[in-house]
Amino acid sequence: MYKKLRPMDLFLRGLIWLSAGVTILMTVGILAYILVRGVPSISWSFLTTAPSELTGTIGILPNIINTLYIVLITLLISTPIGIGAAIYLTEYGGKSKFVKIIEFTTETLAGIPSIIYGLFGFMFFVVFMGLQYSILAGGLTLSIMVLPTIIRTTQEALKSVNPLYREAALGIGATRVHMIRTVLLPSAMPGIITAIILSIGRIVGESAALIFTAGIGVKMLKLTPAGVFEHLETSGATLTVQLYQYAMRGEDLGVSFAIAAVLVIIVLLINFATKRLARRFRCG
Amino acid sequence: MENIMETKSLHLYYGDNQALKNINLQMRKNKITALIGPSGCGKSTYLKTLNRMNDLIEHVKIEGQVLLEGQDIYDPKVDVTMLRKRVGMVFQKPNPFPMSIYDNVAYGPRIHGIKKRSQLDELVETSLRGAALWDEVKDRLKKSAMGLSGGQQQRLCIARALAVSPQVLLMDEPTSALDPISTMKIEDLMVELKEKYTVAIVTHNMQQAARISDYTAFFLVGEMVEYADTEKMFSMPSDKRTEDYITGRFG
Amino acid sequence: MENIMETKSLHLYYGDNQALKNINLQMRKNKITALIGPSGCGKSTYLKTLNRMNDLIEHVKIEGQVLLEGQDIYDPKVDVTMLRKRVGMVFQKPNPFPMSIYDNVAYGPRIHGIKKRSQLDELVETSLRGAALWDEVKDRLKKSAMGLSGGQQQRLCIARALAVSPQVLLMDEPTSALDPISTMKIEDLMVELKEKYTVAIVTHNMQQAARISDYTAFFLVGEMVEYADTEKMFSMPSDKRTEDYITGRFG
Amino acid sequence: MILELPKQAQREEIYKSRRNKKAVETVFEIIFILCALVAVISVVIITAYMIFSGGPAIGKIGVKEFLFGEVWAPTAADPQFGILSMILASIYGTFGAILLGVPIGLLTSVFIAEIAPKKMRGALRAAVELLAGIPSVIYGLIGMIVVVPLVAKIFGLALGMCLFSAILILAVMVLPTIVNISETSLKAVPRELTEASLALGATQVQTIFKVQIPAARSGIMTGVVLGIGRAVGETMAVIMVAGNVVNRPELFGSVRLMTTGIVQEMSYSSGLHREALFAIGLVLFVFIMVLNLILNAVLKKGAE
Amino acid sequence: GCASKENSSTPSENSSSAGSSSSQSDAALSGILKLSGSTSMEKVAKAWGEAFTAKNPDVTVDVQLGGSGAAVTNVNDGVSDIGNLSRALKDEEKNGLTENTVALDGIAVAVNPNNGVEDLTIDQLKDIFLGNITNWSELGGKDASIVVVGREAGSGTRDGFEEIVGVKDAAKYQSELNETGQVKNLVATNENAIGYVSLDYVDDSIKALKVGGVAPSEATVKDGSYTLQRPFLMVTKGEGSALAQAFLTFALSDEGQEVAKSIGCIPVN
Ligand SMILES: Nc1ncnc2c1ncn2[C@@H]1O[C@H](COP(=O)(O)OP(=O)(O)OP(=O)(O)O)[C@@H](O)[C@H]1O
Ligand SMILES: Nc1ncnc2c1ncn2[C@@H]1O[C@H](COP(=O)(O)OP(=O)(O)OP(=O)(O)O)[C@@H](O)[C@H]1O
Ligand SMILES: [Mg+2]
Ligand SMILES: [Mg+2]
Ligand SMILES: O=P([O-])([O-])[O-]
């Protein structure tokens with residue numbers, strides 16, 4: 001009954017540790033490399049100016065603004081639609097054929113590579129709708145792209161709302177819409193916010209779909225009422241797209257790494273936020 | 001004796017599967033009717049047909065009549081939300097909403113159009129008193145209902161149901177999740193409630209049925225085998241199967 | 001009478017919560033020992049200490065001794081897998097692996113190094129016969145075990161446990177998920193098994209304990225209140241609490 | 001105790017249906033349906049666009065010439081549009097990434113789900129999620145600056161931009177998908193199975209490889225299929241490390257995948273050339289759809 | 001010359017010739033002007049954009065890339081107002097487009113600064129890009145295989161280079177890149193690479209070879225002795241919008257040409 005050595009066990013255990021080690025070292029390595037090379041190049045003027053050919057300076061403020069713009073447009077469009085669709089799927093659809101079709105198409109949308117969204121967005125929004133390379137075209141394209149994320153995450157959140165709440169509300173005589181508004185959505189809110197944050201992550205990280213739709217402009221936002229809207233019509237590189245531009249040209253790798261560091265920090269924040277929410281979700 | 005609810009040759013099918021077979025039952029006003037029977041016999045299903053909670057389930061087919069004070073509740077003209085206001089339900093597992101105690105109780109009245117604060121306050125108090133919970137929670141009405149104990153939550157659910165002043169209160173194993181002390185409190189409560197309400201309760205606990213109910217219906221695989229005065233049912237059941245079940249020979 | 005397992009002043013804590021208090025119990029060889037008691041009293045916990053399945057749970061602290069044929073199984077030098085081979089376990093819910101019937105039964109022997117086909121074939125057959133399942137499944141050994149009925153699955157789990165030829169077989173409410181006919185088959189089986197094995201069974205069903213066990217231990221909130229010959233326990237329990245429990249006055 | 005309830009809350013006729021309440025219900029249901037329809041319409045429009053803008057080109061070029069032609073010379077005087085090399089490069093790249101990523105990913109997920117000390121698991125999961133969240137362009141950047149020169153040095157290549165570099169980058173990128181999904185499905189393996197195995201005297205490692213991984217099979221397959229999807233569709237990271245010349249794929253040669261082929265020439269192409277690029281998109285699209293169907297089949301099988 | 005910012009400070013005395021609209025309407029100009037196309041022209045286009053916006057604060061000049069081929073497509077599709085080409089229009093492209101030559105440019109043959117080779121003939125270039133010469137030692141360099149990099153198929157630089165060197169559609173590249181800057185980057189970081197970039201991108205990180213003994217510079221491009229050269233074009237659909245016309249007028253004005261020169265381009269005369 002006493003302990004003995006099992007070589008096969010040890011070997012497999014070793015493989016598992018090795019794989020995990022590779023994954024961890026890689027993650028830490030990538031992170032450290034980017035931060036070490038990037039953070040020193042981040043300066044106040046780097047974050048708060050626009051690049052200029054005339055003076056030869058580089059700044060990423062327009063990219064930050066463009067990123068915010070695209071995040072905002074995308075969410076403004078896709079969040080209400082996504083939540084509405086999720087509500088339909090979980091609360092109204094039942095198991096009908098229509099629901100199956102929608103779920104299948106949502107899966108499909110989720111699986112389409114972003115380059116295809118880029119192609120489609122270019123043909124449909126840029127050329128066909130005449131939006132040209134513009135932040136608006138980029139936002140519209142991404143709205144379709146993040147739709148499945150929002151639908152699915154919201155659906156999960158709605159499904160995980162205690163089914164007893166539904167019965168309880170209906171059992172008292174609440175209408176379905178009332179039940180959704182007063183019980184379902186508040187309970188699902190952390191999940192919905194998670195969906196939104198996940199989408200932000202996706203938008204911030206996107207490049208292929210944006211290069212052909214939102215383009216690579218680096219124009220400063222004009223702080224006039226008209227300018228705020230005009231900005232939608234100009235092309236605009238998000239941070240990620242700009243990173244791609246600089247990296248490919250290799251003119252100043254410090255700039256590429258600085259943007260990469262900014263992006264990594266954003267991703268860290270996003271992950272942190274989702275974690276926090278998920279925790280609240282579980283307790284609530 | 002007055003009947004408040006009545007089912008006439010009720011058949012219910014989940015898809016192809018018949019869950020209720022020809023149920024004829026008259027529920028007496030201001031009495032407690034207990035539904036007993038082994039698991040899966042259709043007790044919950046029957047209860048749900050009484051306030052149309054089955055409407056939420058797909059592929060349910062219902063035949064026969066369910067009358068509330070003589071009106072057929074499955075009449076297409078019936079407003080389901082009004083029906084459910086009149087026939088309230090308390091579920092097996094306490095299911096308070098994740099909001100404050102006050103809002104839980106006020107939820108129903110608000111739905112049904114009561115907006116005035118003073119009126120709501122009053123309703124919340126009377127309902128909580130009615131559910132024998134007022135003293136325990138009166139100082140924490142604004143606190144989340146999720147912080148209550150299981151027994152308190154269940155009484156809160158009862159208060160919530162009372163707040164819309166139903167005529168009939170359906171309770172599906174309301175004490176199965178509770179400890180003995182909470183159970184006792186809720187049993188006492190039911191007995192009090194019957195002065196103003198009619199109560200139907202599903203229970204697995206024979207002693208409970210015997211203790212609190214006036215009438216008992218025994219269900220078996222979708223059929224109602226016997227329906228009688230509780231005392232009679234437990235002392236001399238007329239059906240062999242009832243006897244077997246009550247004496248614990250199966251189930 | 002020979003004791004095969006023995007616990008001496010066993011205390012078990014889940015974190016700060018003491019689940020077992022000073023349990024002293026001698027399990028007789030080739031007998032069936034039943035563990036009864038209300039929910040949460042520590043029956044399952046006790047059973048799991050006997051083959052160290054509690055090791056999987058965090059924050060468990062164990063004091064006292066558990067001896068298997070005189071050896072302390074909590075000795076750090078003990079190889080847990082060998083211990084579990086000697087002290088097998090059958091769980092409340094049938095839990096066959098999602099593989100063929102044959103592979104389920106052959107799982108244990110293969111793990112313990114038996115590779116020869118003929119030997120495995122023989123082991124599978126004897127184990128399935130031992131679990132009174134052979135005739136029902138002999139033509140579908142290669143079919144998935146998931147296609148068996150609940151009762152068959154439970155017997156398969158017993159066969160799977162028998163295939164590693166344990167000395168002691170622990171069963172935690174093995175029939176609670178089963179219909180009466182399957183239950184009867186498994187009860188018969190246990191009685192047969194005790195000729196070759198020592199069996200400990202947790203059950204909620206007093207009748208079952210009375211029917212099949214030789215000795216009965218009654219647990220209450222972590223304590224072993226009474227341990228005696230089954231016949232004696234059910235006819236004249238020496239402790240008031242045992243009597244109350246057996247006669248259904250609480251629980 | 002007597003309940004005193006306000007008069008307003010007294011009996012009401014159950015027939016008295018409030019019409020506006022019904023109307024509100026209906027209006028909202030319609031709004032929700034419309035929202036749900038957006039997803040369907042998007043897929044329909046995208047599919048239609050892909051087919052209408054890519055289909056004709058395949059017709060003009062000829063299915064065989066297009067899919068199996070090896071010469072891609074879109075702007076030559078006598079243009080040729082054969083994408084076999086790109087298809088093969090995509091397949092090899094994906095296959096390589098899966099070959100590297102799956103074992104490492106699966107074992108890492110085993111580590112996180114079963115082996116790692118409880119306190120470490122949270123950190124590990126966070127690390128993997130971070131890996132999943134890093135924009136692909138950053139992988140491309142790391143690939144360009146670190147991997148490509150390293151590959152060139154180790155294998156003595158003149159130029160490190162090659163299929164192998166692309167595979168390495170893609171493997172890292174599919175890793176989090178595989179780890180996450182495998183870990184979830186490993187955790188979802190019923191505890192009873194694990195207990196059953198341990199109770200029979202199996203060691204933890206035996207239990208992992210003989211019971212838990214097989215039981216989590218369909219989830220792991222899902223991870224692999226999704227990983228394939230990610231690898232096939234990845235563009236920007238690949239374009240930064242693969243060299244992008246249309247060559248018959250060799251491990252250490254410059255290659256152009258389908259995705260990068262589109263990006264490379266999309267913005268300036270016109271006429272048949274542009275249609276041909278859409279046709280590549282269409283091929284990719286069909287590829288993904290087929291994957292999706294496979295995924296659904298896997299999931300359905302898992303559900304049984 | 002056009003080689004770098006430092007040595008191109010002589011003020012230009014050229015006057016604009018193509019534009020005709022007057023500058024008094026500048027004050028009224030507003031809106032977004034969209035440019036796209038040549039990556040070689042990115043710097044000059046953006047520089048003009050900045051200078052133009054400085055004069056007309058309500059105008060946004062939005063410069064996209066894509067390569068010279070994209071310029072024609074985008075202008076025809078209405079995606080851009082002005083297309084930038086680093087080559088002449090082909091006959092089939094001329095339909096309905098108005099072209100303006102806004103600057104001249106040399107195509108520099110770029111190698112790594114550590115490369116010992118200084119001078120190549122057009123024939124040697126041809127052999128290199130056709131894959132007939134594959135080792136630097138054949139050209140007097142060290143023994144290392146040549147890494148040939150080029151641009152994608154719609155590039156004006158590639159078009160011009162392949163045309164002049166005579167390797168049209170026959171060049172064998174080891175890497176095809178999308179932008180001038182990418183080629184420069186690769187050559188700057190790979191000791192054995194050879195590629196071609198717009199002259200105004202040449203700086204210390206790469207070395208521009210002499211071609212047939214002539215070093216590329218403003219003077220040699222202007223007098224035609226450096227043969228690897230091409231025009232920078234801006235095209236509009238028809239006449240182009242008023243805004244586009246005003247922009248082109250500005251680009252061709254003395255001020256505009258001065259801007260071009262300041263970032264390393266060769267003004268048109
Ligand atoms: N939503 C449903 N769809 C299909 N069949 C159902 C559904 N709900 C219940 N059933 C079936 O109808 C029968 C009666 O179920 P019901 O829930 O009424 O039993 P019950 O008497 O309440 O049992 P328990 O005591 O276990 O709660 C059972 O066979 C059950 O499987
Ligand atoms: N993993 C655990 N962590 C903490 N406490 C536990 C754990 N498992 C059981 N307990 C607690 O230990 C006590 C005994 O539990 P145990 O499962 O042994 O009861 P039982 O007699 O088997 O009850 P039942 O008849 O309901 O199965 C209970 O209070 C239970 O809540
Ligand atoms: Mg029930
Ligand atoms: Mg137990
Ligand atoms: O980008 P190009 O100037 O080479 O067309």
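Basis for what follows: all heavy atoms, side chains included, without hydrogens, waters or symmetry-related copies. Convention: sequence-line order gives letters A, B, ...; per-chain numbering from 1.
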For the atom pair [atom1] ([X]) and [atom2] ([Y]), what is the distance rounded to the nearest 0.5 Å?
| X | Y | atom1 | atom2 | answer |
| --- | --- | --- | --- | --- |
| D:I45 | A:F120 | CD1 | CZ | 5.5 Å |
| A:T105 | D:I41 | OG1 | CD1 | 10.0 Å |
| D:M144 | A:L253 | CE | CG | 6.5 Å |
| A:R6 | D:Q206 | CZ | CD | 6.5 Å |
| A:I116 | D:I288 | CD1 | CD1 | 7.5 Å |
| A:T23 | D:I178 | OG1 | CD1 | 10.5 Å |

Between [options], which shows the greatest number of heavy-atom pairs under 4.5 Å with chain A?
| options | value |
| --- | --- |
| D:L131, D:T235, D:L130 | D:L130 |
| D:I145, D:V128, D:L291 | D:I145 |
| D:T203, D:T259, D:I134 | D:T203 |

Relative to chain A, which segment of [X] carries a heavy atom at a distance below 4.5 Å: side chain, backbone, both, or neither?
| X | answer |
| --- | --- |
| D:I104 | both |
| D:V44 | neither |
| D:A126 | both |
| D:Y49 | side chain |
| D:F209 | side chain |
| D:I239 | both |

Need one label for [X]: side chain, backbone, both or neither, based on atoms under 4.5 Å from any heavy atom in chain D.
| X | value |
| --- | --- |
| A:L243 | both |
| A:L198 | neither |
| A:L18 | neither |
| A:I259 | neither |
| A:L89 | neither |
| A:N271 | side chain |
| A:Y244 | both |
| A:I102 | both |

Using a 4.5 angstrom heavy-atom cutoff, name the option from [options] with the most pairs to chain D.
| options | answer |
| --- | --- |
| A:V99, A:T274, A:I30, A:I211 | A:I30 |
| A:P80, A:G84, A:G205 | A:G84 |
| A:I151, A:V264, A:T108 | A:T108 |
| A:T106, A:I270, A:I101, A:I112 | A:I112 |

Self-check item: Residue list, side chain to side chain contact (heavy atoms under 4.5 Å, CB included) with A:S41, at least two apart or on another chain
Solution: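 With neighbours one apart ignored, the set is A:A258.
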Give the minimum heavy-atom separation between [X] and [Y], together with the two atoms involved.
| X | Y | value |
| --- | --- | --- |
| D:P103 | A:S19 | O-OG, 4.3 Å |
| A:A260 | D:I138 | O-CD1, 3.6 Å |
| A:I144 | D:S42 | CG2-CB, 3.7 Å |

Beyond-backbone contact of [X] with [Y], side-chain heavy atoms, under 4.5 angstrom:
| X | Y | result |
| --- | --- | --- |
| A:T175 | D:V24 | no |
| D:V137 | A:L263 | no |
| A:F124 | D:I46 | no |
| D:S136 | A:S207 | yes |
| D:L293 | A:F104 | yes |
| D:P135 | A:V267 | yes |
| D:L284 | A:P113 | yes |

Self-check item: Of all pairs that satisfy ring-ring contact (aromatic ring centres under 6.0 Å, His included), the ones with a partner from residues 8-31 of chain A, not counting sequence neighbours
Solution: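 Qualifying pairs, neighbours excluded: A:W17-D:F111.
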Quiz item: Which residues, numbered in order, of residues 28-35 of chain D come under 4.5 angstrom of chain A by heavy-atom distance?
Solution: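 Residues in range: D:F28, D:E29, D:F32, D:I33, D:C35.
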Quiz item: Between D:E25 (side chain) and A:R176 (backbone), is there a donor-acceptor pair under 3.5 Å?
Solution: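 Judged by distance alone, yes, a pair lies under 3.5 Å.
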Exercise. Take D:Q204 and A:R13 through the side chain to side chain donor-acceptor pair (under 3.5 Å) test and state the conclusion after the steps.
Key: CA-CA 10 Å; D:Q204 190 188 14; A:R13 219 170 247 279; 3.0 Å; yes
Quiz prompt | Non-neighbouring partners of D:R125 that pass salt bridge (charged side-chain N to carboxylate O under 4.0 Å, His left out), sequence neighbours left out | solution =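 Result, salt bridge (charged side-chain N to carboxylate O under 4.0 Å, His left out) vs D:R125: D:E183.
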Exercise. Check step by step if side chain to side chain contact (heavy atoms under 4.5 Å, CB included) holds for A:I115 and D:E234.
Key: CA-CA 8 Å; A:I115 177 67; D:E234 182 47 48; over 6 Å; no
